[in-house]
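Chain letters run A, B, ... following the sequence lines, proteins first, then strands; residues in each count from 1.
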Amino acid sequence: DVKVTQSSRYLVKRTGEKVFLECVQDMDHENMFWYRQDPGLGLRLIYFSYDVKMKEKGDIPEGYSVSREKKERFSLILESASTNQTSMYLCAGRGGSYNSPLHFGNGTRLTVT
Amino acid sequence: QKEVEQNSGPLSVPEGAIASLNCTYSDRGSQSFFWYRQYSGKSPELIMFIYSNGDKEDGRFTAQLNKASQYVSLLIRDSQPSDSATYLCAVPSIDSWGKLQFGAGTQVVVTP
């Protein structure tokens, strides 16, 4: 079974801190994604990566950056955390074919105070 | 026009009845369709996927594609309280099929 693992289930950080959210997948997926999900706003794509060291902006990249140094690991970085970045963050992996489904990690609920 | 649209609900369904959810998509060339279930506070989990070559049944779940009208349906037979969740539909994005475009989700509430 596909496994996407996010390093933290819950995280509390202070405004202005630099925050790292880590994600690891075990299925050799080419594509990896970071979403955030807020009540009433649905899933919003922050960044995605289709290969090592490759990244593309999603719908809401402002305030975030990503790193993909190895195929299995995709990190989301909040350069200077703000309260409006309090959210559920979801990492996902997807194979390289058109028909491949997306597999989500368990999510990280981040609270910025 | 959004790429994927769903009625947000809530869809209230008596226990034992059939829940019917629809998802419309804008790209006539879409060939893969994915259904996810998301419980409150949890991440989405894949429950069904179909391709343009036909419908699919898996246990109590059936996914049906209507290409002419550009919508895909999810039927949940013999609905149970454990089916109460938000159901998300997704299709490969028009501008980059490596991404999936998600609908906003339909909330289903199964009442005993």
Could you report the tightest heavy-atom contact between [X] and [Y], atom names first, then the distance?
X	Y	value
A:R94	B:P92	NH2-CG, 4.1 Å
B:K99	A:F48	CD-CE2, 3.3 Å
A:Y98	B:S30	OH-CA, 3.5 Å
B:S43	A:G105	OG-O, 2.8 Å
A:Y35	B:L100	OH-O, 3.8 Å

- Rounded distance (nearest 0.5 Å) linking atom CD of A:Q37 with atom CG of B:L88: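 Nearest 0.5 Å value for the CD-CG distance: 7.0 Å.
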- Message: Once rounded to the nearest 0.5 Å, what's the spacing between atom CD of B:Q38 and atom CE of A:M88?
- Response: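 Answer for the CD-CE pair, B:Q38 versus A:M88, is 7.5 Å.
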- Task: Among the options A:L102, A:L41, A:N106, pick out the one with the most heavy-atom pairs lying under 4.5 Å from chain B.
- Result: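 Of A:L102, A:L41, A:N106, A:L102 has the most heavy-atom pairs under 4.5 Å with chain B.
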- What residue in A:S97, A:G42, A:G107 has the most heavy-atom pairs under 4.5 Å with chain B?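 Ranked by contacts with chain B, first place is A:S97.
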- Counting heavy-atom pairs under 4.5 Å to chain A, which of B:F33, B:Y36, B:F49 comes out on top?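 Maximum pair count with chain A is reached by B:Y36.
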At a heavy-atom separation under 4.5 Å, does [X] approach chain B through its side chain, its backbone, both, or neither?
X	value
A:L45	side chain
A:E56	neither
A:R9	side chain

When you group the ILVMFWY residues by side-chain heavy-atom contacts below 4.5 Å and let the links chain together, are [Y] and [X] in the same group?
X	Y	result
A:M32	A:L76	yes
B:Y87	B:F34	no
A:L11	A:L78	yes
B:V72	B:L11	yes
A:I46	A:V112	yes

- Query: Could you go step by step and tell me if A:F104 and B:L46 meet the side-chain contact (heavy atoms from CB on, under 4.5 Å) rule?
  - Reply: CA-CA 9 Å; A:F104 288 91; B:L46 180 71; over 6 Å; no
- Query: Should we count NZ of A:K71 as having more than 12 external heavy atoms under 6.0 Å?
  - Reply: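 Yes - once you tally the heavy atoms of other residues, nucleotides and ligands closer than 6.0 Å, there are more than 12.
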